[in-house]
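Just below is one structure, and these are the notes that go with it.
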2 protein chains.
Amino acid sequence: MSREEILRAAARLVREEGPRALTMRRLAAELGTAVTAIYWHVGNREALLDALVERTLREFAAIHPTGRTPRTRIVSLARALRAELRARPHLIAMVHERGRTERLFRPVRQALVKEARAAGLRGARAAELVRAVEFLVVGSVLVERVSEGEPAGGAVVPGAGDRALERALARPPDPGRLFELSVRAVVEGLLGR
Amino acid sequence: MSREEILRAAARLVREEGPRALTMRRLAAELGTAVTAIYWHVGNREALLDALVERTLREFAAIHPTGRTPRTRIVSLARALRAELRARPHLIAMVHERGRTERLFRPVRQALVKEARAAGLRGARAAELVRAVEFLVVGSVLVERVSEGEPAGGAVVPGAGDRALERALARPPDPGRLFELSVRAVVEGLLGR
DNA sequence: ACCTGAACACCGTTCAAGT
DNA sequence: ACCTGAACACCGTTCAAGT
């Protein structure tokens, strides 16, 4: 049994059953070894989680913009970041709990900084745009998770008798479009000052 | 010892030391009773957390808009929601974990629906505005928590030689202003279509 | 170098027993 | 009605012992 095998099994447990399923004893059973063998390879549970988090950080460092204009490149970064966040909810939560969110966002933030400057923004103005895009990405991932995944997700919010509004709130027909709309609105709003 | 006393002590533990500090044994020690006495009053740990979550839901139901125009009322709702979320990070996380986020946001969402309609939006258009505001509120709370609270919070993201940009990204001089700026940008963008 | 089982201090929870 | 201590099955972790 190698360290790599352990990390793979641990990542699978977290992905499929959530972080609470990742107990040292469960992991050992999964791998068919004694619990204590795992300790020899990875130190302890904290160190194991650290290793999983490091993996995630590396994946987020590979995000790059596409498109020709700064506007489209900013939107593409937002879209890519959103996709990565949505793909690994549990691992992202672990990154956050361990205080590595700053590090997770750094590559995308740097890319956003570059594009904001390419669009002509400087200083605090550029920082505001970068932050606002991050707000929208993070917020959309969380809010959409709610309307998709929650038991009470079908609960209808009274839309003042407006059926189309109620439907669109309960389950947006195209969450991706809604997201891009918001990003474009905020990008246009902050670029066109 | 009353049920109310138990809830108060539990809420204090969560607020001051985080949810991991809330163990039944620790809570019993804090209250000077046997662990099992707590079980008589609240059932079990799950039920205790449920009760704390219900309290939080009630507090969020008391959020109301202020101001005269729909625009200012929408911004005031966003501001109030943000303040409540920031005041109870651990409890909010518990609400989220327990799948009650939909319920937590419902009162504010209803108020936002009303204002979006007062501003003249209907159907999917109104829903988009409501969602976008929620995105920004939730995103800003998380992203700002990161830049305020994380050990690596001081880590400077290269701003392409732009010192003012680097400063503003590392620690925005006025997070509240940055937030309102983003909200206004998205509200204007989605109202003026 | 790599793995094992026993043991320790922590959990949440149940239950029979007390007042 | 309210509280107690003992007991159970689970944790993470350490350590001496094996190969």
Side-chain angles (χ1 to χ4, degrees), chain A residues 1-56 88-100 151, chain B residues 1-56 88-100 151:
Chain A
M1 178 188 51
S2 69
R3 184 186 153 87
E4 198 49 40
E5 262 181 277
I6 295 174
L7 291 183
R8 245 204 316 276
R12 195 181 56 75
L13 266 176
V14 170
R15 188 163 15 98
E16 294 176 6
E17 304 187 41
R20 307 190 66 153
L22 176 55
T23 73
M24 301 302 271
R25 285 171 148 92
R26 169 81 188 276
L27 185 57
E30 213 88 2
L31 291 164
T33 53
V35 205
T36 44
I38 296 174
Y39 281 83
W40 193 90
H41 283 286
V42 301
N44 57 22
R45 190 169 188 270
E46 281 301 284
L48 174 58
L49 298 186
D50 281 340
L52 292 182
V53 164
E54 289 306 318
R55 280 190 158 196
T56 310
R88 310 159 175 74
H90 295 308
L91 277 168
I92 300 305
M94 279 174 43
V95 169
H96 190 63
E97 275 165 27
R98 305 178 90 66
R100 304 299 303 272
Chain B
M1 179 187 50
S2 71
R3 184 186 152 87
E4 198 49 41
E5 262 181 278
I6 295 175
L7 291 183
R8 245 203 317 275
R12 195 181 55 75
L13 265 177
V14 170
R15 188 163 16 97
E16 295 177 6
E17 305 188 41
R20 309 191 65 154
L22 177 54
T23 74
M24 301 301 271
R25 285 171 147 93
R26 168 79 189 277
L27 185 56
E30 213 89 2
L31 290 164
T33 52
V35 204
T36 45
I38 296 174
Y39 281 83
W40 192 90
H41 284 286
V42 302
N44 56 22
R45 189 169 190 270
E46 281 301 285
L48 174 58
L49 297 187
D50 281 341
L52 292 183
V53 163
E54 289 308 317
R55 281 190 158 198
T56 310
R88 311 160 176 72
H90 296 308
L91 277 168
I92 300 306
M94 280 174 43
V95 169
H96 190 63
E97 275 165 27
R98 307 177 89 66
R100 304 299 303 274

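The analysis underlying the following values was restricted to heavy atoms, covering all of them including side chains, and did not include hydrogens, waters or symmetry mates. In what follows, chains are A, B, ... by sequence order, proteins preceding strands, each numbered from 1.
A straight line from OH of B:Y39 to C1' of D:dC8 spans 13 Å, rounded to a whole angstrom. One interatomic measurement links the two molecules: CD1 of A:I38 to P of D:dT14, which rounds to 14 Å at whole-angstrom precision. Across the protein-nucleic acid pair, B:L49 atom CG and C:dG12 atom C1' stand 12 Å apart, rounded to whole Å. Rounded to whole angstrom, the span from the CG atom of B:N44 across to the P atom of C:dC11 amounts to 17 Å. Rounded to an integer number of Å, the gap from CZ of B:R25 to P of D:dT4 is 14 Å. Rounded to an integer number of Å, the gap from CG of B:L27 to P of D:dC3 is 13 Å. Rounded to whole angstrom, the span from the CZ atom of A:R3 across to the C1' atom of C:dA1 amounts to 16 Å. Rounded to whole Å, atom P of D:dG12 lies 12 Å from atom CZ of A:R26.
In this structure, of C:dG12, C:dT4, D:dG12, it is C:dT4 that holds the atom nearest to the side chain of A:A37. Distances were taken from every side-chain heavy atom of B:W40 (C-beta onward) to each of D:dC11, C:dC3, D:dC2; the shortest belongs to D:dC2.
In this entry C:dC11 has no Watson-Crick or G-U wobble partner, no candidate having both defining distances under 3.5 Å. Pair assignment for C:dA16: D:dT4, on the basis of Watson-Crick or G-U wobble contacts that are both within less than 3.5 Å.
Between B:T33 and D:dC3, a side-chain N or O to OP1/OP2 separation shorter than 4.0 Å is absent. Checking the phosphate oxygens (OP1, OP2) of C:dA1, no side-chain nitrogen or oxygen of A:H41 falls inside 4.0 Å.
Judged purely by atom type and a 3.5 angstrom limit, B:H41 uses its side chain to pair as donor or acceptor with the backbone of B:M1.
The line from CG of B:L52 to CD1 of B:I6 is 11.0 Å long, rounded to the nearest 0.5 Å. Here the CG atom belonging to A:L22 is positioned 12.5 Å from the CZ atom belonging to A:R15, to the nearest 0.5 angstrom.
Under a 4.0 Å N-O distance rule, the pair B:E97/A:R20 does not qualify as a salt bridge.
B:A34 comes within 4.0 angstrom of sugar-phosphate atoms only, judged by non-hydrogen atoms across all strands, and of no base. In this structure, A:T36 reaches the bases: a heavy-atom distance under 4.0 Å links it to at least one base atom across the strands shown.
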Item to check | Test log, rule salt bridge (Lys or Arg N to Asp or Glu O under 4.0 Å), inputs A:E30 and A:R8 | outcome: CA-CA 11 Å; A:E30 213 88 2; A:R8 245 204 316 276; over 6 Å; no
